[in-house]
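Please read the structure below before turning to the comments.
Just follow the structure's listing: the first ligand is 1, and inside any ligand the first atom is 1.
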Amino acid sequence: MADISIALSKGRIFDETVPLLARVGIAPKSNGASSRKLILATHRSDVRLIIVRATDTPTYVRYGGADLGIAGRDVLVEHGGDGLYQPVDLGIAACRMMVAVKKGFDYEGAVRQGARLRVATKYVNITREHFAAKGVHVDLIRLYGSMELAPLVGLADAIVDLVSTGNTLRANDLVEAEQIMPVSARLIVNQAALKTKRAALQPLIDAFAKAAEK
Ligand code: ATP
Ligand code: PRP
């Protein structure tokens, strides 16, 4: 039975974590991308990977379902990183949280004139705080995906979403209006586990920090 578990999500986070894990000396035994298994053994008998939804990673780590986790800053800020130790910015899954609008929409003008903006997003907490700090009134429309559609069909004036290459915005006639924050994935740690398993966890945390520097 492995003593250390690391929670991470399938897809982008998993794919970008595998090379980091290799530098730390950990390789999954099976191919996580294609496996339906939710607990993956690794070639280190004391370490296993737990596959969770991206937004659930902080929850698993906070309540001890996993000792360590890898979660985007977007998820940690939106859903709360409280009670979690966040020792390493891994620099992977890098993108930025942006306000975007339909090409031709005068965002600066709307903000300047104190217009009430309709903003569609799945990041409602981040969005609320961002616009509150600017003193801009917003009507929030909570979506679960495909935010880019909202301004195109008149559901919203603006969206708040992650942007990396900008291809999704371009393909949908949207443009970046304002950056809210840069985003990358962090190593998160259960605080109780850090006390009870420090001898096992600290070298791993240090190895992640070193691997992320390269
Ligand atoms: P869920 O499955 O819970 O809905 P998701 O669809 O957001 O989550 P992913 O798309 O795999 O899951 O994103 C996981 C993390 O990767 C995000 O939380 C974010 O930190 C980062 N990310 C998302 N989109 C991009 C992108 N275009 N480029 C780089 N990193 C990204
Ligand atoms: C993310 C994000 C954008 C897109 C931006 O979606 O929600 O739609 O990436 O990336 P780009 O600037 O490189 O085009 P993702 O691909 O994760 O799809 P999902 O959120 O629907 O899973």
Side-chain angles (χ1 to χ4, degrees), residues 6-21 28 31-38 40 49-63 65-66 68-82 84 86-103 107 119-127 129-130 140-153 155-189 208 212:
I6 306 174
L8 75 176
S9 52
K10 263 195 180 174
R12 188 175 274 127
I13 296 272
F14 186 92
D15 296 345
E16 297 197 26
T17 299
V18 165
L20 266 187
L21 282 172
N31 179 356
S34 60
S35 168
R36 302 292 299 172
K37 275 168 111 38
L38 299 176
L40 303 181
L49 306 181
I50 311 265
I51 307 298
V52 301
R53 278 289 291 266
T55 43
D56 290 335
T57 307
T59 306
Y60 273 86
V61 177
R62 183 174 315 119
Y63 295 110
L68 303 176
I70 294 162
R73 183 180 177 203
D74 52 321
V75 168
L76 291 167
V77 176
E78 178 66 21
H79 300 286
D82 304 351
L84 293 167
Q86 300 182 27
V88 187
D89 181 348
L90 298 169
I92 58 170
C95 52
R96 49 200 190 275
M97 178 82 67
M98 298 292 306
V99 180
V101 295
K102 217 165 126 177
K103 208 189 268 173
Y107 175 73
V119 186
T121 187
K122 68 176 178 181
Y123 301 100
V124 287
N125 295 321
I126 291 172
T127 301
E129 277 181 30
H130 173 73
L140 284 179
I141 300 164
R142 208 253 189 253
L143 295 176
Y144 292 86
S146 301
M147 268 84 79
E148 292 85 359
L149 195 55
L152 305 181
V153 298
L155 186 67
D157 304 310
I159 60 168
V160 168
D161 195 9
L162 298 174
V163 177
S164 174
T165 60
N167 287 341
T168 310
L169 292 185
R170 269 190 295 281
N172 293 290
D173 248 351
L174 302 176
V175 290
E176 300 184 11
E178 188 181 15
Q179 174 160 319
I180 297 183
M181 61 179 169
V183 168
S184 54
R186 278 123 208 269
L187 181 68
I188 57 176
V189 184
F208 268 110

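A donor-acceptor contact shorter than 3.5 Å links the side chain of Arg73 to the backbone of Pro182. Side chain of Gln179 to backbone of Met98: no donor-acceptor contact under 3.5 angstrom is found. No side-chain donor-acceptor contact under 3.5 Å links Asp56 to the backbone of Val52. At least one donor-acceptor pair closer than 3.5 Å links the side chain of Arg170 to the backbone N or O of Thr165. For Asn172 (side chain) and Leu174 (main-chain N/O), no donor-acceptor pair under 3.5 Å exists by modelled atom type. Panel note: side chain Arg62, backbone Gly80; a donor-acceptor pair is recorded below 3.5 Å.
Of all the heavy atoms of Asp161, the ones lying under 4.0 Å from any atom of ligand 2 belong exclusively to the side chain. In Glu148, the part holding a heavy atom less than 4.0 Å from any atom of ligand 2 is the side chain. Residue-level proximity to ligand 1 for Thr165 is absent, since no heavy atom of it falls below 4.0 angstrom.
The residue from Arg73, Arg53, Glu78 that puts a heavy atom closest to atom 3 (O) of ligand 1 is Arg53. In this structure, of Ala71, Ala54, Gly11, the residue bringing a heavy atom nearest to atom 12 (O) of ligand 1 is Ala54. Looking at Ser164, Ser146, Ala100, Gly11, it is Ser164 that brings a heavy atom closest to atom 10 (O) of ligand 2. Here the shortest heavy-atom distance to atom 6 (O) of ligand 1, taken over Lys122, Arg12, Arg96, Lys10, belongs to Lys122.
For ligand 2, the polar-atom distance check finds an N/O of Thr165 within less than 3.5 Å of one of the ligand's N/O atoms. For Gly72, no nitrogen or oxygen atom sits less than 3.5 Å from a nitrogen or oxygen atom of ligand 1, counting backbone and side chain alike.
Taking a distance limit of 4.0 Å, we find that atom 13 (O) of ligand 2 is approached by some protein heavy atom.
Among all protein heavy atoms, the one lying closest to atom 5 (C) of ligand 2 is Leu162 O, 3.4 Å. Among all protein heavy atoms, the one lying closest to atom 17 (O) of ligand 2 is Arg12 NH1, 2.8 Å. Atom 29 (C) of ligand 1 has its closest protein heavy atom at Ala94 O, 3.4 Å. The protein atom (non-hydrogen) at minimum distance from atom 4 (C) of ligand 2 is Thr168 OG1, 3.6 Å. Scanning the protein for heavy atoms near atom 20 (O) of ligand 2, the closest one is Lys122 NZ, 4.3 Å. Scanning all protein heavy atoms for the shortest distance to atom 17 (C) of ligand 1 gives Asp74 OD2, 3.4 Å.
Enclosure of atom OH in Tyr60 is not indicated, since only 12 or fewer non-hydrogen atoms of other residues, nucleotides or ligands lie within 6.0 angstrom.
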In sequence, state the C-alpha distance, the side-chain angles, and the governing distance for Leu8 and Ile51, and then conclude on side-chain contact (heavy atoms from CB on, under 4.5 Å).
CA-CA 5 Å; Leu8 75 176; Ile51 307 298; 4.1 Å; yes

Would you sort out whether Met97 and Ile126 count as a side-chain contact (heavy atoms from CB on, under 4.5 Å), showing the intermediate values?
CA-CA 9 Å; Met97 178 82 67; Ile126 291 172; 3.7 Å; yes

Quick one: do Leu21 and Ile6 satisfy side-chain contact (heavy atoms from CB on, under 4.5 Å)? Show the steps, please.
CA-CA 11 Å; Leu21 282 172; Ile6 306 174; 4.3 Å; yes

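The shell of residues lying under 4.0 angstrom from ligand 1, judged by heavy atoms, excludes Ser9. Between Gly145 and ligand 2 there is no heavy-atom distance shorter than 4.0 Å.
Near Val163, meaning under 4.0 Å from any of its heavy atoms, are these atoms of ligand 2: 12 (O). Each of the atoms 20 (O) of ligand 1 lies under 4.0 Å from some heavy atom of Val183. Short contacts between ligand 1 and Thr55, defined as distances under 4.0 Å to a heavy atom of the residue, involve ligand atoms 3 (O). Set against the non-hydrogen atoms of Ser164, the atoms of ligand 1 under 4.0 Å away are 26 (C), 27 (N), 28 (N). Interface atoms of ligand 1 facing Leu162, defined by a heavy-atom separation under 4.0 Å, are 19 (C), 22 (N), 23 (C), 24 (N). Listed by atom number, the atoms of ligand 1 under 4.0 Å from Val75 heavy atoms are 18 (O).
Ion pairing between Glu176 and Arg96 holds under the 4.0 Å rule for side-chain N and carboxylate O.
Each of Thr121, Thr55, Asn125 was checked for a side chain to side chain donor-acceptor pair (under 3.5 Å) with Glu78, and the lone residue meeting it is Asn125. Only one option out of Val77, Val99, Leu162 pairs with Ile180 in a side-chain contact (heavy atoms from CB on, under 4.5 Å); it is Val99.
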